Amino acid sequence: AMSILKVDTINEKTSGNGVAMPGHVIQVKNKNFTGTVSSTTFDTHVDFGLNVSITPKQTNSNWLIIGVLHSHHYTSQNDWPPHFTAFIGSNPAQPVGDTISSLPLRPNVHVASWQPTTDAAPINSHLQVLDTTTNLTAGTAYTFSIKAYTGRGSGTWFINRGNSNYNDDISGSNPISAMTVMEIAQ
């Protein structure tokens, strides 16, 4: 026989302790990155401003990181392609969902690049990582970020660049990259 529990309100027993329901989303933080970035820096992970600060409500939660990224990469070499990787913290930032702490890191999503330098529409990349290994302390603020690894060689890379970098209502405007971080109860 199935039981039905009907309630109007659930209150936590201890103030500030929260209500634990394993597998459920505890909190969601989002950031839209509307700026544009261009650079000729290569062979490094670049923090271009897509960061989300979050304070865990519970210790040992899982973390779901989702990103939608718009980029151009014009490079002279394609041996180490551009890619995006999610990180947590700083000094040094650690990759999310990866146990390798030295380069080369396993990327969360690869991005194609073009040769030679020509105008083209941005590539839309989707990143999704479920981190079940990073144990964060409740009540302490942490920063998640998505960084661009820019490949090797020379050239230019862009984030949120529309076709020919126009930003008006006629040519379709520049795209928006976004990041969402979800804390999931254990």
Side-chain angles (χ1 to χ4, degrees), residues 25-57 61-75 80-114 120-134 136 140-153 155-167 171-184:
V25 174
I26 300 171
Q27 64 174 318
V28 177
K29 299 285 182 174
N30 182 73
K31 180 174 183 180
N32 290 331
F33 180 73
T34 59
T36 57
V37 175
S38 66
S39 180
T40 56
T41 300
F42 279 83
D43 202 19
T44 187
H45 286 88
V46 177
D47 184 344
F48 60 92
L50 193 52
N51 305 300
V52 171
S53 180
I54 193 165
T55 302
K57 294 185 181 288
S61 294
N62 287 341
W63 298 92
L64 180 61
I65 298 91
I66 301 170
V68 176
L69 308 137
H70 306 283
S71 63
H72 287 69
H73 294 267
Y74 304 127
T75 64
W80 283 24
H83 58 260
F84 293 100
T85 303
F87 287 86
I88 184 167
S90 59
N91 299 324
Q94 296 298 312
V96 173
D98 195 346
T99 58
I100 295 177
S101 60
S102 61
L103 292 175
L105 300 172
R106 288 184 287 241
N108 299 125
V109 63
H110 277 283
V111 179
S113 58
W114 287 281
I123 294 176
N124 302 316
S125 301
H126 302 272
L127 174 150
Q128 182 171 316
V129 180
L130 178 62
D131 183 5
T132 60
T133 61
T134 303
L136 303 180
T140 302
Y142 297 90
T143 299
F144 286 87
S145 60
I146 295 176
K147 296 183 181 185
Y149 177 81
T150 52
R152 291 198 302 192
T156 305
W157 58 271
F158 303 89
I159 304 290
N160 288 351
R161 180 177 187 253
N163 187 29
S164 299
N165 209 27
Y166 296 117
N167 195 17
S171 60
S173 303
N174 289 341
I176 297 171
S177 292
M179 176 180 183
T180 302
V181 177
M182 297 182 197
E183 181 180 5
I184 302 171

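Side chains included, hydrogens not; waters and symmetry mates left out as well; all remaining heavy atoms used. Predicted model only: the values in this text are computed from it and were never measured.
When side chains are defined from C-beta on, Phe158 does not count as touching Thr36, because their heavy atoms never get closer than 4.5 Å. A 4.5 Å side-chain heavy-atom check between Thr180 and Val28 finds at least one atom pair inside the cut-off. Side-chain contact between His45 and Phe87 is present, with heavy atoms from C-beta onward closer than 4.5 Å. Inter-residue side-chain proximity for Ile65 and Ile88 is flagged as unmet; no heavy-atom pair is nearer than 4.5 Å. Thr134 is not listed as a side-chain neighbour of Tyr142, based on a closest heavy-atom distance of 4.5 Å or more.
Taken to the nearest 0.5 Å, the CG atom of Asp131 stands 7.5 Å off from the CG atom of Asn62. Note that CD1 of Ile184 and CH2 of Trp63 are 9.5 Å apart. Values are rounded to the nearest 0.5 Å.
For the residue pair Met182 and Val25, the shortest heavy atom distance occurs at SD-CG2, 4.2 Å. Smallest separation of non-hydrogen atoms from Ser71 and Ile159: CB-CD1, 4.0 Å. Nearest heavy atom pair, residue Ser177 against residue Leu69, reads OG-CA, 3.6 Å.
Ser145 pairs by the side chain to side chain donor-acceptor pair (under 3.5 Å) definition with nothing, not counting sequence neighbours. For Gln128, there are no side chain to side chain donor-acceptor pair (under 3.5 Å) partners, not counting sequence neighbours. Contacts of Thr55 classified as side-chain contact (heavy atoms from CB on, under 4.5 Å), with partners at least two apart in sequence or in another chain: Ala141. Legend: residues meeting side-chain contact (heavy atoms from CB on, under 4.5 Å) with Val46, ordered by chain and number and at least two apart, are Thr41, Thr44, Thr150, Trp157.
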Can you give the donor-acceptor pairs under 3.5 Å from side chains of residues 47-54 to other protein atoms, not counting sequence neighbours?
| residue | atom | partner | partner atom | Å |
| --- | --- | --- | --- | --- |
| Asp47 | OD1 | Gly49 | N | 3.0 |
| Asp47 | OD1 | Asn51 | ND2 | 3.4 |

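A donor-acceptor pair is defined here as one N or O able to donate and one able to accept, closer than 3.5 Å; no such pair exists between the side chain of Glu183 and the backbone of Ser61.
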